[in-house]
Amino acid sequence: QVQKPTTTRRCSVFGDPHIYTFDGGFYTYKGDCWYIIAMDKSLQWFVYGWFSSCGLYSSCLESLSIIMRGETTSQIQFLRGYAINLGYKKMFLSRGQSETIGGVKISFTGDRLIAELLKFSVTVTFDGFTGGSVILEKDVPTMGLCGNNNGDPSDDFSSFYDGVERSSNDFADAWSVGRGCKLSAEFEEPEISLDLDEILDNLNDVNLYLLMPKSERVRLCRSSIYGAVNSSQAPLATVMAILSESI
């Protein structure tokens, strides 16, 4: 059976958070703000995402907002827990149910909300927690965190209005909107020491210890138990060993 050629591209946002662009680029970004995830260059539709802190050095997608222009402007927001905010009311759909509101078909599959922008052949999905995607036709010019959809991932980070090449953090920062944002520089992780003596000298460093890869935690814990059995640090070393085996 001959497979039909793929005519669409997908951009995905997931985790804390990771972003796959339309063109297959990949980057990780941490920020606490509203961001333009994707929009068409003719400014007929927009997909915004609200990212909020979800850990010490992480941020996660919390909601997706869709705006589509037409005879009337449609505004739909997907919230955690599969709630749908229409601005004037909130609603829920049953599994398999769908509604069409202002040219946007909304449906619920049981594990994700789907919005189809019928006029533009754009599909937006949200998993009800921290993952979302935008699917559209190849080579439709776009802007936002998802890049420009031109088939070339190498120029994703220069697709802001001014065409300047940016780092992934500066690129994502540029697509933030609103006030009071906590951008990438405020999520800088501290340098983690792998020196056991430095860690044990300061109980506050336990949090840094827990950021290490598990294999490194196990190695340090084993050595700490053997080396600290006759010292006042033995209880802490034992706790670390237990934590390393359970995380």
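Computed from a predicted model, the values in this text were never measured in an experiment.
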Next on the checklist: Assess, by modelled atom type and distance only, whether the side chains of D23 and T21 contain a donor and an acceptor separated by less than 3.5 Å.
Outcome noted: no

Checklist entry - If you take all heavy atoms of F22 and V134, which pair is closest and at what distance? => result CE2-O, 3.3 Å

Next on the checklist: Counting only heavy atoms not in F129 (residues, nucleotides, ligands), do more than 12 fall under 6.0 Å from its CZ?
Outcome noted: no

Checklist entry - Do Y27 and N169 have a side chain donor and acceptor closer than 3.5 Å? => result no

Checklist entry - Under 4.5 Å between side-chain heavy atoms, hopping through other hydrophobics if needed: is there a path connecting L61 to I76? => result yes

Checklist outcome for this item: In terms of heavy-atom contacts, S52 and D32 come closest through CA-OD1, 3.5 Å

Checklist entry - Are side-chain heavy atoms of I84 and F78 found at a separation under 4.5 Å? => result yes

Next on the checklist: If you define the side chain from C-beta out and look only at heavy atoms, does anything of V124 sit under 4.5 Å from W45?
Outcome noted: no

Item to check | Side-chain heavy-atom pair S176, L183 within 4.5 angstrom cut-off | outcome: yes

Checklist entry - When rounded to the nearest 0.5 angstrom, what distance separates CD in E165 from OG in S154? => result 8.0 Å

Checklist entry - S59 side chain to G31 main-chain N or O, any donor-acceptor pair under 3.5 Å? => result yes

Item to check | Crowding at NZ, K105 (>12 non-hydrogen neighbours, <6.0 Å) | outcome: no

Item to check | Point-to-point distance, once rounded to the nearest 0.5 Å, from CG of L136 to CG of L117 | outcome: 10.0 Å

Checklist entry - So do the side chains of M143 and W175 get within less than 4.5 Å of each other, counting heavy atoms only? => result yes

Checklist entry - If you measure from CG on D127 to OH on Y82, what distance do you get to the nearest 0.5 Å? => result 6.0 Å

Next on the checklist: Using only atom types and a distance under 3.5 Å, with no angle test, would you say the side chain of S167 pairs donor to acceptor with the backbone of D170?
Outcome noted: yes

Next on the checklist: Test your reading of the model: is there a side-chain donor-acceptor pair from R10 to the backbone of S133, 3.5 Å cut-off?
Outcome noted: no

Checklist entry - With sequence neighbours left out, what residues match F92 under side-chain contact (heavy atoms from CB on, under 4.5 Å)? => result A83

Item to check | Side chain to side chain, W34 and S63, heavy atoms closer than 4.5 Å | outcome: yes

Checklist entry - Does the side chain to side chain contact (heavy atoms under 4.5 Å, CB included) test come out yes or no for Y35 and I19, once each step is laid out? => result CA-CA 13 Å; Y35 295 86; I19 301 168; over 6 Å; no

Item to check | Over all atoms of both residues, closest heavy-atom pair of R112 and T125 | outcome: NH1-OG1, 4.1 Å

Checklist outcome for this item: Rounding to 0.5 Å, atoms CD1 (I114) and CZ (F108) come to a distance of 10.0 Å

Item to check | Cluster link F171 to F46, ILVMFWY, side chain under 4.5 Å | outcome: yes

Checklist outcome for this item: Note: A115 and I66 closest approach over all heavy atoms is CB-CD1, 3.5 Å

Checklist entry - With a 4.5 Å limit on heavy-atom distance, are the side chains of K90 and L79 in contact? => result yes

Item to check | Rounded distance [0.5 Å steps], NZ in K41 versus OG in S159 | outcome: 7.5 Å

Next on the checklist: Checking side-chain polar atoms at under 3.5 Å, does D40 have a donor or acceptor matched by the opposite partner on S42?
Outcome noted: yes

Checklist entry - Which heavy atom in F120 sits nearest to a heavy atom in Q44, and how many Å separate them? => result CZ-CB, 3.4 Å

Checklist entry - Under 4.5 Å between side-chain heavy atoms, hopping through other hydrophobics if needed: is there a path connecting L64 to L93? => result yes

Checklist entry - Quick one: do V47 and F14 end up in the same hydrophobic cluster if we chain Ile, Leu, Val, Met, Phe, Trp and Tyr together by side-chain heavy atoms under 4.5 Å apart? => result no

Next on the checklist: Within the 3.5 Å criterion, strictly below it, is a donor on E137 or S121 matched to an acceptor on the partner's side chain?
Outcome noted: no

Item to check | Test side chain to side chain contact (heavy atoms under 4.5 Å, CB included) applied to M91 and I101, step by step | outcome: CA-CA 12 Å; M91 62 179 286; I101 301 171; 4.2 Å; yes

Next on the checklist: Testing the basics here: between R166 and A174, what is the closest heavy-atom pair and its distance to 0.1 Å?
Outcome noted: NE-CB, 4.2 Å

Checklist entry - In terms of hydrophobic clustering (I, L, V, M, F, W, Y; side-chain heavy atoms under 4.5 Å; direct or indirect links), are V164 and Y161 co-clustered? => result no

Item to check | Pairwise distance CD(Q75) to CD1(I67) - rounded to 0.5 angstrom | outcome: 4.5 Å

Checklist entry - Can you find a pair of side-chain heavy atoms, one from D16 and one from Y29, that are under 4.5 Å apart? => result no

Checklist entry - With a 4.5 Å limit on heavy-atom distance, are the side chains of F157 and S168 in contact? => result yes

